[in-house]
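All remarks here apply to the structure that follows.
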Amino acid sequence: MKSSQALIPTQKEAPNDAQIISHQLMIRAGLISKLASGLYSYLPMGLKILQKIEKIIREEMNNSNAQEVLMPITQPAKLWKESGRWDEYGAELLRFNDRHNREFCLGPTHEEVITNLASQYINSYKQLPMNFYQIQTKFRDEVRPRFGVMRSREFIMKDAYSFHLDKDSMRVEFEKMHATYCRIFERLGLNYRPVLADSGSIGGESSIEFHVLAESGEDDICFSDESDYAVNIEKVAFSKQVKTNDASASEEKVLTKNITSIEDVAQFLKVEQKQCVKILIIKTTNGYKALALRGDHALNEIKTQNLFGNFEFASDKEIKSLDLKKGFIGVKDLSINLIVDYSAEVMVDFICGANHWDHHLTGVNWDGIKFEAVDLRNAIEGDASPDGKGKLVIKRGIEVGHIFQLGDKYSKAMNANVIGESGKAMMMIMGCYGIGVTRVVAAIIEQNYDNRGIIFPVNVAPFSVVIVPINYNKSTRVKGLADVLYQQCLDSDIEVLLDDRKERAGIMFADSDLLGIPHRIVLSDTHADNGNVEYKARNNPEKLEIKFDNALAFIQSKLI
Ligand code: ATP
Ligand code: MG
């Protein structure tokens with residue numbers, strides 16, 4: 001393709017709302033264009049990249065015997081009512097009525113539709129197992145769409161759903177998909193880690209997320225520094241601990257006028273935050289509860305939800321109505337249930353609110369206090385790894401894929417059964433497997449850029465080679481050579497961009513670097529005097545002079 005005929009609207013500046021590098025570079029390189037919050041058009045270069053990623057995913061899914069289908073984005077509410085998710089799924093599900101006043105939603109995921117499809121066409125155990133996938137647009141009305149295509153409202157997902165006669169068969173497919181995903185992310189050149197995760201609203205038993213390691217990631221991933229333990233922070237489970245110290249202090253009530261936060265209390269009393277206990281008040285369907293955590297720990301809301309169901313933090317007004325003094329709440333003489341995190345349970349001689357305005361207690365111990373101890377907190381860096389090997393390191397990750405062992409959650413609710421070998425009806429067992437295809441584009445960029453722009457791996461780059469002729473429109477010699485090399489590349493099926501614009505060399509270099517084209521050939525009269533061209537790889541500052549006659553063979557050798 002020639003630059004003069006291509007729409008590659010590069011720009012110097014990134015828009016104000018682009019906070020992370022991939023969003024900035026995707027706009028600046030002219031890959032995407034914003035239509036509205038969380039809605040993006042893919043411009044020609046962006047689409048080329050997307051299609052290359054889709055091709056790799058398709059090849060690997062097909063090689064793993066998954067069959068491609070394509071389901072509608074518009075889904076009847078009836079199916080979501082059958083599965084129970086019409087009520088469970090929150091405001092992310094965009095619902096609407098058609099002209100006949102029938103209810104529909106835009107698919108955020110396709111468990112319902114595929115289960116309905118499978119129950120129509122799979123009737124006998126002999127047809128199982130089967131795995132179906134599609135690469136298709138999803139809609140989720142995200143609360144905070146952000147970071148460009150990383151968290152958008154409309155995005156492309158590769159979703160796959162497998163059907164089995166029993167759990168063993170599902171586990172075999174789960175392992176196979178695990179391996180398939182590893183091959184996909186390896187081919188995409190990503191530095192990624194599979195991590196154990198929470199199943200969220202999709203449900204089911206066991207799930208693994210695939211995270212691309214990058215500072216801009218929205219998830220915290222915990223790794224052991226000694227073993228292959230890797231888990232989403234949401235899922236790090238801690239067990240009950242054994243007290244290692246004995247109480248030695250006696251309790252004292254100290255004046256802490258207007259000092260309410262753990263940070264300020266610790267500073268004021270010249271102790272570490274981990275010597276303080278903090279109390280959070282939550283409202284559950286079962287009444288209010290006081291949660292006690294070590295001062296430097298944070299509440300894990302998923303664990304809390306798993307323990308107490310849907311909950312909210314109590315408002316100031318509610319705290320007051322419980323006769324509690326916000327900022328000075330302690331563990332003694334509470335009128336509501338006290339739930340204590342395992343790590344707070346082993347604390348001795350600690351500091352907490354005095355349940356009196358402007359006072360805290362020091363030298364507090366648990367003796368005589370009624371409470372229930374549970375696992376409530378998030379992991380922090382340096383925690384002992386729960387597998388007993390090494391310490392936890394926390395890194396940011398971008399979730400690009402998620403695989404689930406669903407079991408019979410959907411088949412049971414939607415009555416998807418087959419006739420088993422014995423002639424009896426049996427519920428199908430399912431697995432499901434997703435890759436955020438558009439998010440992958442952003443993730444690749446987050447791991448491959450420099451101050452000049454994107455550095456695409458060759459198998460996803462919009463072009464493999466760019467030819468930059470200096471004075472293409474003035475020097476007939478340069479034009480002649482550039483046209484010959486361009487045609488040679490085309491004839492050899494090399495994806496080549498010829499920058500035939502009347503632009504300064506600096507601008508042409510800046511554009512091809514911004515777009516991340518892996519290989520660049522520069523042609524000029526000076527080089528031509530020696531029968532040479534100049535070669536430079538995007539990821540290497542070194543420039544090489546090579547013979548014009550060898551240029552094609554040289555490029556080909558770089559593309560193997
Ligand atoms: P997240 O925790 O990031 O919201 P999720 O758990 O809701 O993700 P899944 O339901 O497992 O995601 O969807 C499968 C994949 O789709 C995710 O692994 C992710 O790569 C991608 N994805 C999910 N939501 C979005 C979004 N709003 N924009 C772009 N990609 C998304
Ligand atoms: Mg989500």
Side-chain angles (χ1 to χ4, degrees), residues 20 22-23 26 32 34-40 42 46 50 53-54 57 61 73 83 85 88-94 106-112 114 133-161 174 177-178 180-181 184-185 188 190 192-204 206-214 216-221 231-235 301-302 396-406 409-410 430-446:
I20 61 168
S22 56
H23 186 189
M26 286 181 82
I32 53 168
K34 182 173 171 176
L35 175 65
S37 169
L39 303 176
Y40 289 87
Y42 274 78
L50 196 61
I53 296 170
E54 289 180 356
I57 295 175
M61 290 302 290
I73 184 175
S83 74
R85 285 207 293 186
E88 272 170 31
Y89 222 98
E92 270 182 32
L93 187 66
L94 185 68
L106 286 187
T109 174
H110 277 70
E111 282 78 8
E112 282 78 0
I114 195 78
Y133 79 97
Q134 64 175 348
I135 298 180
Q136 185 247 23
T137 298
K138 300 281 179 269
F139 188 91
R140 295 183 183 180
D141 203 353
E142 298 276 354
V143 208
R144 269 206 315 139
R146 60 192 179 281
F147 307 151
V149 298
M150 193 86 94
R151 182 166 299 283
S152 48
R153 296 198 293 166
E154 214 178 283
F155 60 97
I156 296 173
M157 198 200 286
K158 185 289 295 173
D159 45 334
Y161 308 87
F174 185 79
M177 282 294 115
H178 188 161
T180 306
Y181 274 36
I184 291 171
F185 296 128
L188 293 170
L190 288 165
Y192 73 97
R193 286 288 291 263
V195 307
L196 270 179
D198 192 84
S199 297
S201 68
I202 307 270
S206 164
S207 85
I208 292 181
E209 290 171 354
F210 291 79
H211 281 266
V212 164
L213 303 181
S216 58
E218 293 183 276
D219 288 285
D220 279 318
I221 313 299
V231 165
N232 191 314
I233 196 164
E234 295 167 346
K235 182 91 178 175
E301 298 194 14
I302 291 184
R396 304 293 282 173
I398 300 168
E399 183 196 318
V400 287
H402 201 166
I403 58 177
F404 301 80
Q405 295 185 14
L406 284 177
K409 177 175 161 150
Y410 295 94
M430 292 171 62
C432 80
Y433 321 91
I435 293 182
V437 184
T438 37
R439 187 180 283 181
V440 163
V441 183
I444 291 174
I445 297 172
E446 289 292 329

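Read the numbers this way: they start at 1 and go in the same order the structure lists the ligands and their atoms. Just so you know, these numbers come straight off a predicted model, no measurement behind them.
With respect to the salt-bridge test (charged N to carboxylate O, under 4.0 angstrom), the residues E111 and R85 qualify. Remark: D220 engages R396 in a salt bridge, criterion side-chain N to carboxylate O under 4.0 Å.
Across every non-hydrogen atom of S22 and I445, the tightest pair is CA-CG2, 3.7 Å. S83 and Y410 make their closest contact through CB-CD2, 4.1 Å (heavy atoms, listed as atom of the first residue, atom of the second, distance).
Near V149, meaning under 4.0 Å from one of its heavy atoms, ligand 1 places the atoms 29 (C). Ligand 1 places these atoms under 4.0 Å from at least one heavy atom of G436: 15 (C), 16 (O), 20 (O), 21 (C). Residue S152 approaches ligand 1 through these ligand atoms, each under 4.0 Å from one of its heavy atoms: 26 (C), 27 (N), 28 (N). Less than 4.0 angstrom separates some heavy atom of E142 from each of these atoms of ligand 1: 24 (N), 26 (C), 27 (N).
For R151, heavy-atom contacts with ligand 1 shorter than 4.0 Å involve the backbone as well as the side chain. If you look at M150 next to ligand 1, the close heavy atoms, those under 4.0 Å, all belong to the backbone. In M157, the part holding a heavy atom less than 4.0 Å from any atom of ligand 1 is the side chain. When heavy-atom distances to ligand 1 are checked against a 4.0 Å cut-off, V440 has no atom that comes that close, whether in backbone or side chain.
Distance CD/E209 to CZ/R193: 13.5 Å, rounded to 0.5 Å. One distance of note links CD1 of I221 with CD1 of I233; it measures 8.5 Å at 0.5 Å rounding.
In this structure, of Y433, F155, F404, the residue bringing a heavy atom nearest to atom 30 (N) of ligand 1 is F155. Comparing R153, E399, R140, H402 by heavy-atom distance to atom 18 (O) of ligand 1, the nearest is E399.
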Handout entry: Stepwise side chain to side chain contact (heavy atoms under 4.5 Å, CB included) test for D219 and V195
Key = CA-CA 11 Å; D219 288 285; V195 307; over 6 Å; no
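For an aromatic pair to be called close, the ring centres must be under 6.0 Å apart, and F185 with F210 satisfies this.
For V400, the heavy-atom gap to ligand 1 drops under 4.0 angstrom.
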